[in-house]
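Heads up, the thing below is written out as structure tokens.
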Amino acid sequence: MRMQTLALTVAFSVLLPVAMPGSVAASELKVPRFVSLRFATVNLRAGPGTQYPINWIYKRRGMPMEVIRDLDNWRRVRDRWGTVGWIHVSNLSGKRTALIDRQTRTLRRKPAEATPVARAQAGVIAKIRKCVKAWCRVSAAGKTGWVRRTSIWGVYKTEEID
């Protein structure tokens, strides 16, 4: 059986952020929580407002982010590498994604040591379909499979996603 390797690709399109329905706006949601970047270009600011300087520009639509604080229409977030800053809620989505972490990982047909479906390189962003116990079902580049929860960033240790 031939396995496909999912490669890291970075798109460099420019989209201007606007308030959109379905953005992560409800401040009564629990903190911390994971969200994802809505656009291909998102500014991370030093403070909760456009008057604060931009410290970082993300160029990865769907990148998972951890919300660590809510303040009006701004979210204090942390990325996989520990960078912390503020992003306007219109730039975030409630869609759950995960970052394939540290090294190439095998996606499997079923949890545990089942048949391989594909290999995902470190840095690939995958949609989270389901997480149970030690495994998460993810999709990327048209391939869906199970990967160990410890192999991805964007889901908590005991969190179940259905």
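Computation of the quantities below employed the complete heavy-atom set of this structure, encompassing side-chain atoms and omitting hydrogens, waters and symmetry-equivalent molecules.
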Q. Is the backbone of Leu37 close enough, under 3.5 Å, to the side chain of Ser93 for a donor and an acceptor to pair up by distance?
A.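 Here the side-chain-to-backbone pair does not exist.
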Q: Would you please classify the geometry between the Phe34 ring and the Tyr156 ring as parallel, tilted or perpendicular, with 30° and 60° separating the classes?
A: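 Plane angle between 30° and 60°, so tilted.
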Rounded to the nearest 0.5 Å, what's the gap from [atom1] on [X] to [atom2] on [Y]? Could you check?
X: Arg119; Y: Thr106; atom1: CZ; atom2: OG1; value: 4.5 Å
X: Arg75; Y: His88; atom1: CZ; atom2: NE2; value: 9.0 Å
X: Asp70; Y: Arg76; atom1: CG; atom2: CZ; value: 12.5 Å
X: Lys143; Y: Leu107; atom1: NZ; atom2: CG; value: 10.0 Å
X: Met65; Y: Thr83; atom1: CE; atom2: OG1; value: 8.0 Å

N/O donor-acceptor pairs under 3.5 Å from side chains in residues 42-51, not counting sequence neighbours:
residue, atom, partner, partner atom, Å
Arg45, NH1, Thr50, O, 3.2
Arg45, NH1, Tyr52, O, 2.6

Q. If we ignore angles and hydrogens, is there a donor and acceptor under 3.5 Å between the side chains of Asp79 and Tyr58?
A.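 Distance-only check passes for Asp79 and Tyr58.
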Q: Check Lys110 against Ala114 and note the closest heavy-atom contact, atom names and distance.
A: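 So the two residues come closest at O-CB, 3.3 Å.
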Q: Return the minimal non-hydrogen interatomic distance between Trp146 and Arg109, and the atom names on each side.
A: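 Looking at all heavy atoms of both residues, the shortest contact is CD1-O, 3.3 Å.
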Q) Charged N to carboxylate O below 4.0 Å: is that the case for Arg149 and Asp101? A)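 No salt bridge links Arg149 with Asp101.
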Under 3.5 Å donor-acceptor pairs involving side-chain atoms of residues 123-138, not counting sequence neighbours:
residue, atom, partner, partner atom, Å
Arg129, NE, Ser139, OG, 3.0

